[in-house]
Protein chains: 2
Amino acid sequence: MLHLLVLDRYGHFMARSMNARRPATLASLAAELGVSRTTVSNAYNRPDQLSPELRRRVLETARRLGYPGPDPVARSLRTRKAGAVGLLLTENLSYAFRDPAAVSFLEGLAMACELAGQGLLLVPANPEREDVAAVHRAGVDGFVVYSVPDDDPHLASVLERPVPTVVCDQPELELFDSVGIDDRAAMTSVAEHLIQLGHRRIGVICMRLSRDRNDDLVSQVRQREAHFHVQRSRLAGLAQAFGAAGVDWEGVSVVERFDHDIANGASAAAQLLDRDPQITAVICTSDILALGAMEEATRRGLRVPQDLTVTGFDCVAEAERLGLTTVRQPVREKGLAAGRLLTDPSDHGRPRRVTLPTELIIGRTSAAPRTTEERWFGP
Amino acid sequence: MLHLLVLDRYGHFMARSMNARRPATLASLAAELGVSRTTVSNAYNRPDQLSPELRRRVLETARRLGYPGPDPVARSLRTRKAGAVGLLLTENLSYAFRDPAAVSFLEGLAMACELAGQGLLLVPANPEREDVAAVHRAGVDGFVVYSVPDDDPHLASVLERPVPTVVCDQPELELFDSVGIDDRAAMTSVAEHLIQLGHRRIGVICMRLSRDRNDDLVSQVRQREAHFHVQRSRLAGLAQAFGAAGVDWEGVSVVERFDHDIANGASAAAQLLDRDPQITAVICTSDILALGAMEEATRRGLRVPQDLTVTGFDCVAEAERLGLTTVRQPVREKGLAAGRLLTDPSDHGRPRRVTLPTELIIGRTSAAPRTTEERWFGP
DNA sequence: CTGAAAGCGCTAACAC
DNA sequence: GTGTTAGCGCTTTCAG
């Protein structure tokens, strides 16, 4: 049989037989060699099943014909294994690389995948467009869902797929393996710290509570019905602690921001301080927002913590460097745990739950509020 | 036909016919409905090809039977599209999330993928184990290769695959689309800046030059034969500029570090300063290494830039914050460009090359060297 | 608008 | 060691 050696536009040598001008397949290779497809398959997948000599011949002919080895998709179809884990995020794919906490999570997840020899497929599930197709297209053996709202249509599609799924942080799904922390308790510890310092007049900044944008104050109803369980729990933790300390929670301003970046933290703090210049502390449900709040404080000439206490959540690197009072949560370990749960072959009956520990980090951004007198006459 | 509704351990409803206890497929759904497979397929992929009423029936029966929609792998096999882009990195998967430059690159690449509706598959190609299988398993429509040495076996496997490939930074491959910067010219600009300031006695710290570990001085031969083209070019740029300024390049200590982190930058600087305490500048081929060098300088009581000039490369966030003298390169844009090249459907004849601009950033870590007198008697 | 026919490229029993 | 058989689950012309 005659062959052409074609150099395609990508620089690949593509050998094609004259009769059928198509790339080589396992079958055509077998035909060329005069052996069965099994044998060729074995040459790639089970080297011990044929003589070294024959194997060499197969591989060499493959090279000559430009056969690139078994097609991964066809193999996946046959073996029912894709060799990859899918990741579903709330946000734009690229956001995951802008948010330090998400990056750490990914780092942990990537470690677990690598250990298991699995690829990690980032599924392009843009929350703006309800384009669920990408989830259906994903050739994966399982999904990790990271921090999405309970009513996300992409989530629904993931749950329909007949593959194991692990949820991290959100939402809370009884029937699935999950990884998370005790958000409520962690936030309560922040609140108690501030209460002990003497703060009673506070403001709160939180991340988005639902898929609809609300860059404004949050009503009690919205707080309770938030589709993001993590934010809901953190607010609940604050409400509980401050309520117990005699603070009327309904009177506490809670400002929400849809986009999670420093600029939004700053604008939220501005909104809070404009509304009530008397607040002595701004509690944020993330470090990024807290960083923004500190920026705004500086802009207004308020010293932190003398004039204003600011707290965050997560303990990302920059927050740590700045000595932010915050809650450390093991984000990378979350990713690792999620990946482990997913790739762990051990059969399990009921859904597993991993709850990781957190730690209150008391930094240099929280202090006792100054008395009114001090505010007017200096420390 | 009778059906069982089974709730499997992941909480998925799995409907199975009594005769064949297997998950529903498009074929079984068609049989159940008494229509052809085409019709069911159309219900999912070409809604305009059937009556809304029939479509509704199909979809509803699907739900009842627990049919999760067309299997993505089978579809991929048939359509010859995986809907994903593969990414090959030199390092452990998780490293990509630890290195700020790599994170930015990923951010850009993710943006491009999202725009094209493609997934992004991180291929677990651990450089330690020469396990090329993961590359062969990857169900992708194309690859992006990011900064790998020219003799990497994973790279070889990628190039064998009959899919388009774009190379970013390294290696230089004539036949493939590529994205990069002019590393040599960029580094020359750093050198000229230092030469102008009056530095003649310098030390250099670079990243790994080959796949074999060498945490030590680099010979001239090793410099010229480095398998990492980027490092090679940067060193060549320095050699050229300093050579032109009358500095004997062979006498300049160049220290290499295999692992790319701050601690290694520090230890390399220590090695350099131990070897020749008279050097007035430490030039690093990355910001991370430079950050380490600054740490070491501080440890020794050397003030930067009064006692020692330190320069980096990349302009990552932390370097910018510290006012490091460095080269800004548009890392995110590299990722974006690589993704665009790959997903751009426009047919092209010859390989395309995108060279992005760089900019010398003169910060607060470079200054004229002090004279010997000043060194002894103060400024 | 619907169906029949024809694979996509491969692997895994199981027999020889 | 090697070959035969039988699909994996789907899409896509092309007739009707």
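Just so you know, these numbers come straight off a predicted model, no measurement behind them. In what follows, chains are A, B, ... by sequence order, proteins preceding strands, each numbered from 1.
The side chain of A:R78 lies closest to C:dA12, out of C:dA12, D:dT12, C:dG3. Nearest nucleotide to the B:D71 side chain, out of D:dG1, D:dC10, C:dA12: D:dC10. In the set D:dG9, C:dT2, D:dT11, D:dT11 carries the atom at the smallest distance from any side-chain atom of B:R75. Checking D:dT11, D:dT2, C:dG9 against the side-chain heavy atoms of A:L54 singles out D:dT2 as nearest. Across D:dG9, D:dT11, D:dT2, the shortest atom-to-atom separation from the side chain of B:N45 is found for D:dT11. Nearest nucleotide to the A:T79 side chain, out of D:dA6, C:dA12, C:dG7: C:dA12.
Protein atom CD of A:E53 is 10 Å distant from nucleotide atom P of D:dT2, rounded to whole Å. Rounded to an integer number of Å, the gap from CZ of B:R37 to C1' of C:dC8 is 13 Å. In this structure, CG of A:L77 is placed 14 Å from P of D:dG7, rounded to the nearest angstrom. Following rounding to the nearest Å, B:L26 (CG) and C:dG7 (P) show an atom-to-atom distance of 19 Å. Note: NE2 (B:H136) to C1' (C:dT11) measures 17 Å, nearest angstrom. Separating the CZ atom of B:R80 from the P atom of C:dA6 is a distance of 21 Å, rounded to the nearest angstrom. Between the CZ atom of A:R137 and the C1' atom of D:dC10 there is a distance of 13 Å, given to the nearest Å. The NZ atom of B:K81 sits 10 Å away from the P atom of D:dT12 (whole-angstrom rounding).
Looking at B:T38, its side chain comes within 3.5 Å of the base of D:dT12 through a donor and an acceptor atom.
Side-chain atoms of A:Y44 and A:L59, non-hydrogen and from C-beta on, do get closer than 4.5 Å to each other. Side chains of B:V158 and B:R161 form no contact here, defined as non-hydrogen atoms less than 4.5 Å apart. Contact of the B:S41 side chain with the B:Q49 side chain is not registered, since no non-hydrogen atoms from C-beta on lie closer than 4.5 Å. Side chains of B:F105 and B:D169 form no contact here, defined as non-hydrogen atoms less than 4.5 Å apart.
Between B:T39 and C:dG3, a side-chain N or O to OP1/OP2 separation shorter than 4.0 Å is present. Between B:N42 and D:dT11, a side-chain N or O to OP1/OP2 separation shorter than 4.0 Å is absent. Under 4.0 angstrom from either OP1 or OP2 of D:dT2 there lies no side-chain N or O belonging to A:S36. Remark: A:S51 is not in phosphate contact with D:dG1, judged by side-chain N or O atoms under 4.0 Å from OP1 or OP2. In this structure, B:S41 reaches the D:dT11 phosphate: one of its side-chain N or O atoms is under 4.0 Å from OP1 or OP2. The phosphate of C:dG9 has neither OP1 nor OP2 within less than 4.0 Å of any side-chain N or O from A:Y44.
Note on B:V73: nothing from the nucleic acid sits closer than 4.0 angstrom, heavy atoms only.
Shown here is A:R55, whose CZ atom has more than 12 heavy atoms of other residues, nucleotides or ligands within 6.0 Å.
Here the CG atom belonging to A:L121 is positioned 10.5 Å from the SG atom belonging to A:C113, to the nearest 0.5 angstrom.
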